[in-house]
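Numbers here simply count residues along the sequence, with the first being 1.
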Amino acid sequence: MDKLIYQYFSDDDFLRISNKIKETEKTTSGEIRIAVKEKKLFLERKKNIRQLAEKEFHKLNMHATRDKTGILLYLLLSERQFYILADSGIDKIVGQVTWDAVRDEIQLRFQNGKFCDGLIWGIERVGKILSEHFAIKAADTNELSNKIVID
């Protein structure tokens with residue numbers, strides 16, 4: 001396993017992160033996903049981090065949630081970039097400035113080598129913000145997988 005991702009995360013980390021998503025989603029109707037991409041494809045070389053996150057968002061069908069409450073934490077390891085992208089239902093209420101501030105806090109943890117802890121903290125923070133605006137509903141179902149997407 002000489003994959004770049006294993007320089008940052010272990011299989012135990014992935015389990016901890018997935019479990020944190022599951023636990024966090026019990027307090028909100030929001031749907032949190034994490035996607036980790038090792039590097040850009042050749043055809044993506046001119047795309048910025050937001051464009052890559054948008055592509056992944058649609059590839060994962062995150063735009064198809066009932067209330068448009070999907071949120072993606074997207075990491076591009078080779079370029080050490082990170083982006084948080086929320087669907088339109090969230091975006092109407094919680095702006096990108098909020099997510100950029102959360103991203104910056106997560107990046108501080110990453111800079112200190114705390115990759116798993118950074119994502120765990122980020123999921124908790126995202127969950128707290130979402131639960132303030134998008135409380136869990138009686139008929140709420142888990143619409144998206146909590147598994148981390150690794151590409």
Side-chain angles (χ1 to χ4, degrees), residues 4-5 7-10 12-40 44-137 140 142-151:
L4 180 62
I5 195 161
Q7 294 175 22
Y8 298 92
F9 300 99
S10 70
D12 285 347
D13 290 340
F14 294 137
L15 187 60
R16 281 183 60 210
I17 292 164
S18 292
N19 286 339
K20 178 54 72 175
I21 292 170
K22 183 178 179 182
E23 176 189 318
T24 302
E25 285 183 349
K26 290 177 181 173
T27 65
T28 177
S29 60
E31 291 286 335
I32 302 167
R33 295 283 327 250
I34 294 185
V36 181
K37 187 166 187 123
E38 293 207 345
K39 62 184 192 267
K40 289 181 183 180
E44 297 170 335
R45 68 190 181 283
K46 294 185 178 167
K47 292 187 184 285
N48 65 33
I49 189 73
R50 181 180 171 97
Q51 291 168 321
L52 293 169
E54 287 171 348
K55 179 182 173 193
E56 190 70 20
F57 193 90
H58 286 279
K59 183 175 143 193
L60 297 175
N61 262 348
M62 293 187 67
H63 60 286
T65 60
R66 183 184 59 200
D67 297 322
K68 303 290 183 204
T69 54
I71 187 162
L72 176 66
L73 285 73
Y74 181 85
L75 285 79
L76 180 58
L77 294 179
S78 63
E79 299 190 21
R80 295 177 179 250
Q81 292 183 324
F82 179 66
Y83 197 81
I84 300 175
L85 182 67
D87 205 348
S88 58
I90 295 172
D91 223 22
K92 281 188 249 177
I93 297 169
V94 182
Q96 189 62 42
V97 172
T98 299
W99 304 126
D100 288 349
V102 173
R103 175 204 62 206
D104 293 346
E105 283 288 326
I106 294 170
Q107 281 183 323
L108 285 176
R109 287 160 175 81
F110 286 177
Q111 287 166 357
N112 291 319
K114 308 269 188 213
F115 300 100
C116 181
D117 291 345
L119 282 181
I120 296 279
W121 181 90
I123 293 163
E124 288 172 348
R125 188 73 189 112
V126 165
K128 185 175 185 313
I129 294 166
L130 290 178
S131 65
E132 291 169 11
H133 302 284
F134 304 95
I136 192 99
K137 297 175 180 170
D140 193 71
N142 189 16
E143 296 178 77
L144 300 172
S145 170
N146 297 331
K147 191 172 178 233
I148 297 167
V149 178
I150 302 167
D151 193 8

Atom [atom1] in [X], atom [atom2] in [Y]: separation rounded to 0.5 Å?
| X | Y | atom1 | atom2 | value |
| --- | --- | --- | --- | --- |
| Lys46 | Gln51 | NZ | CD | 12.0 Å |
| Ile148 | Ile21 | CD1 | CD1 | 6.0 Å |
| Lys37 | Glu79 | NZ | CD | 11.0 Å |
| Glu23 | Ser18 | CD | OG | 12.5 Å |
| Ile5 | Asp151 | CD1 | CG | 9.5 Å |
| Leu60 | Ile34 | CG | CD1 | 12.0 Å |

Hey, does the side chain of [X] reach the backbone of [Y] with a donor-acceptor pair shorter than 3.5 angstrom?
| X | Y | answer |
| --- | --- | --- |
| Arg50 | Ile84 | no |
| Gln7 | Leu4 | no |
| Thr27 | Ser131 | no |
| Thr28 | Phe134 | yes |
| Asn112 | Lys114 | no |
| Ser78 | Glu38 | yes |

query: Pairs in or reaching into residues 78-99: which pass ring-ring contact (aromatic ring centres under 6.0 Å, His included), with residues at least two apart or in two chains?
result: Phe82-Phe110
- line: Exactly one of Ile129, Ile123, Ile90, Val94 clears side chain to side chain contact (heavy atoms under 4.5 Å, CB included) with Ile71, and that residue is Ile90
task: Check step by step if side chain to side chain contact (heavy atoms under 4.5 Å, CB included) holds for Lys92 and Lys68.
output: CA-CA 10 Å; Lys92 281 188 249 177; Lys68 303 290 183 204; over 6 Å; no
- prompt: Listed by chain and number, what are the salt bridge (charged side-chain N to carboxylate O under 4.0 Å, His left out) partners of Arg80, not counting sequence neighbours?
  reply: none
query: What pair of heavy atoms forms the shortest contact from Leu72 to Glu56, and how long is it?
result: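 Looking at all heavy atoms of both residues, the shortest contact is CD2-CB, 4.0 Å.
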field: Heavy-atom closest pair, residues Arg16 and Asp117
entry: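 Closest approach of Arg16 to Asp117, heavy atoms only: NH2-OD1, 3.5 Å.
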message: Is there a side chain to side chain contact (heavy atoms under 4.5 Å, CB included) between Ile17 and Phe9? Walk through the geometry before answering.
response: CA-CA 10 Å; Ile17 292 164; Phe9 300 99; 4.1 Å; yes
- request: Apply the test side chain to side chain contact (heavy atoms under 4.5 Å, CB included) to residues Ile106 and Leu73: give CA-CA distance (whole Å), side-chain angles for both, the deciding distance (0.1 Å), then the verdict.
  value: CA-CA 10 Å; Ile106 294 170; Leu73 285 73; 4.3 Å; yes
message: What verdict does the side chain to side chain contact (heavy atoms under 4.5 Å, CB included) test give for Glu25 and Ile32, after you've listed the backbone C-alpha separation in whole Å, the side-chain angles of each residue and the deciding distance to 0.1 Å?
response: CA-CA 7 Å; Glu25 285 183 349; Ile32 302 167; 3.9 Å; yes
- request: For the residue pair Asp87 and Met62, establish whether any side-chain heavy-atom pair is separated by less than 4.5 Å.
  value: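 A side-chain contact is absent here, since even the closest heavy-atom pair is not under 4.5 Å.
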message: Contact between Ile49 and Tyr74 at the side-chain level, heavy atoms closer than 4.5 Å - yes or no?
response: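 Heavy-atom side-chain distance check passes, below 4.5 Å.
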- request: Classify the angle between the aromatic ring planes of His63 and His58 as parallel (below 30°), tilted (30 to 60°) or perpendicular (above 60°).
  value: tilted
- request: Inspect the contact between Glu124 and Lys128 and indicate whether a charged nitrogen and a carboxylate oxygen are less than 4.0 angstrom apart.
  value: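 Answer for the salt bridge query: no.
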Salt bridge present between Lys20 and Asp13 (N-O < 4.0 angstrom): no
